[in-house]
Amino acid sequence: MQMHFSGDLILLTHMLMSGSWHIYRPGERWQRRSVDMRIVIKTSKICAVAFNVSIAEFHTPDTLRRRDGFRSLGPDVLAAEFDPAQCIANLRGHGELEVGVALLMQSVIAGLGNVFKSEICFACGINPFRRMNTLSGEEFNCLVNTARTFLLANAAENSGDRIVTYTGMRRTTGRSNIEEHLWVYGRRREPCRHCGMAIESRKQGLDARTTFWCPQCQPIESAKTFENATAG
């Protein structure tokens, strides 16, 4: 995450697996312990607090361009100028990679984390261990469009004076019950919300990130798009 200040100062943070940014109203009680706080940014209208953020660095545009991992970022999923065609072209250029691995490559598509990787694949009915070069044009479109839909839906809301506290709870199902906020992530051996089969998980890629999927809804030999997956 990049936060731009006056004077060409840029705050770079990365949440990894445990970090989160919360947005509060002035004086509102924090929903995490103060000992977990690493950064606080205050204005007259909001208080942004970073909890358990593993990477926090100040940069100028020049130093950020020279930083490893940020010289060749792919399209930012949350950017207003997000280019889905470029993102699809980037994904197609890594046909030998497994889908779940490619989605986490920030040089291909910037902004996705491990939770959304599994959720996006499920919503598109794509097995995360398939190779990118086995996907159809429709499947590429589904991955990219679902990625943007999910991340925009999880971004903190700030509309004028209306501020909604962001608690770090990732949601993809659209359901109000907090016990049903995700399709597959973290639900190993629990029943799939579509077919009832037990969710599976295993490590994937060189970084050994844990991937979750439904073996029936996301078969390795074919794919099926759930058109109602994001409707709840």
Requested in this report: Look up atom CG in Asn145 and atom CD in Glu138, then write down how far apart they are to the nearest 0.5 Å.
Outcome: 11.0 Å
Report task. Just do the disulfide (SG to SG under 2.5 Å) check on Cys214 and Cys192 with the steps written out, would you? Result -> CA-CA 6 Å; Cys214 171; Cys192 172; 3.7 Å; no
Report summary line: Closest non-hydrogen contact found for Ala147 with Ile109 is CB-CD1, 4.3 Å
Query raised in the report: Got a second to check how far Asn127's CG is from Ile220's CD1, nearest 0.5 Å?
Result: 3.5 Å
Report summary line: For Val108 and Cys87, the nearest pair of non-hydrogen atoms, with its separation, is O-SG, 4.2 Å
Report task. Could you give me the CA-CA distance, side-chain angles and deciding distance for His59 and Glu57, then say whether side-chain hydrogen bond (donor to acceptor under 3.5 Å, both in side chains) is met? Result -> CA-CA 6 Å; His59 286 275; Glu57 304 168 355; 2.8 Å; yes
**Report entry** Ile88 reachable from Leu152 in the ILVMFWY side-chain graph, under 4.5 Å edges
**Finding:** yes
Query raised in the report: Going by heavy atoms in the side chains, are Met197 and Pro215 under 4.5 Å from each other?
Result: yes
Query raised in the report: So Tyr24 and Phe51, would you call those rings parallel, tilted or perpendicular, with 30° and 60° as cut-offs?
Result: perpendicular
Requested in this report: Kindly say whether Arg130 contributes a backbone atom to a donor-acceptor pair with the side chain of Thr134 at under 3.5 angstrom?
Outcome: no
**Report entry** Residues which pass side chain to side chain contact (heavy atoms under 4.5 Å, CB included) with Ala198, listed by chain and number, not counting sequence neighbours
**Finding:** none
Query - Listed once per pair and sorted, the ring pair (Phe, Tyr, Trp, His ring centres under 6.0 Å) pairs that draw on residues 126-147, sequence neighbours left out - result: Phe129-Trp213
Query raised in the report: When rounded to the nearest 0.5 angstrom, what is the spacing between CG in Leu9 and OG1 in Thr60?
Result: 8.5 Å
Query raised in the report: Is the shortest heavy-atom distance from the side chain of Asp76 to the side chain of Phe82 under 4.5 Å?
Result: no
**Report entry** For Asp207, salt bridge (charged side-chain N to carboxylate O under 4.0 Å, His left out) partners two or more places apart
**Finding:** none
Query - Gap separating the SG atom of Cys217 from the CH2 atom of Trp183, nearest 0.5 angstrom - result: 9.5 Å
Query - Path from Leu104 to Leu135 over hydrophobic side-chain contacts below 4.5 Å - result: no
Query raised in the report: Does anything in residues 196-205 pair up under side-chain hydrogen bond (donor to acceptor under 3.5 Å, both in side chains), and if so which pairs, sequence neighbours excluded?
Result: Glu98-Gln204, Arg188-Ser201, Lys203-Thr210, Gln204-Thr211
Report summary line: Hits for salt bridge (charged side-chain N to carboxylate O under 4.0 Å, His left out) against Arg33, two or more places apart or cross-chain, chain-then-number order -> Asp36
**Report entry** Contact check, side chains of Glu139 and Ile126, non-hydrogen atoms, under 4.5 Å
**Finding:** yes
Report task. Kindly work out whether a path of hydrophobic side-chain contacts (I/L/V/M/F/W/Y, heavy atoms less than 4.5 Å apart) joins Met132 to Leu103. Result -> yes
Query - Arg32 and Asn52, any side-chain heavy atoms less than 4.5 Å apart - result: yes
Query raised in the report: Can you name the side chain to side chain contact (heavy atoms under 4.5 Å, CB included) partners of Glu190, sequence neighbours left out?
Result: Arg187
Requested in this report: Flag the pair Gln216 / His194 as yes when at least one side-chain heavy-atom distance between them is below 4.5 Å, and no otherwise.
Outcome: no
Query raised in the report: Cluster question for you: counting only ILVMFWY and a side-chain heavy-atom cut-off of under 4.5 Å, with indirect links fine, are Phe5 and Ile39 together?
Result: yes
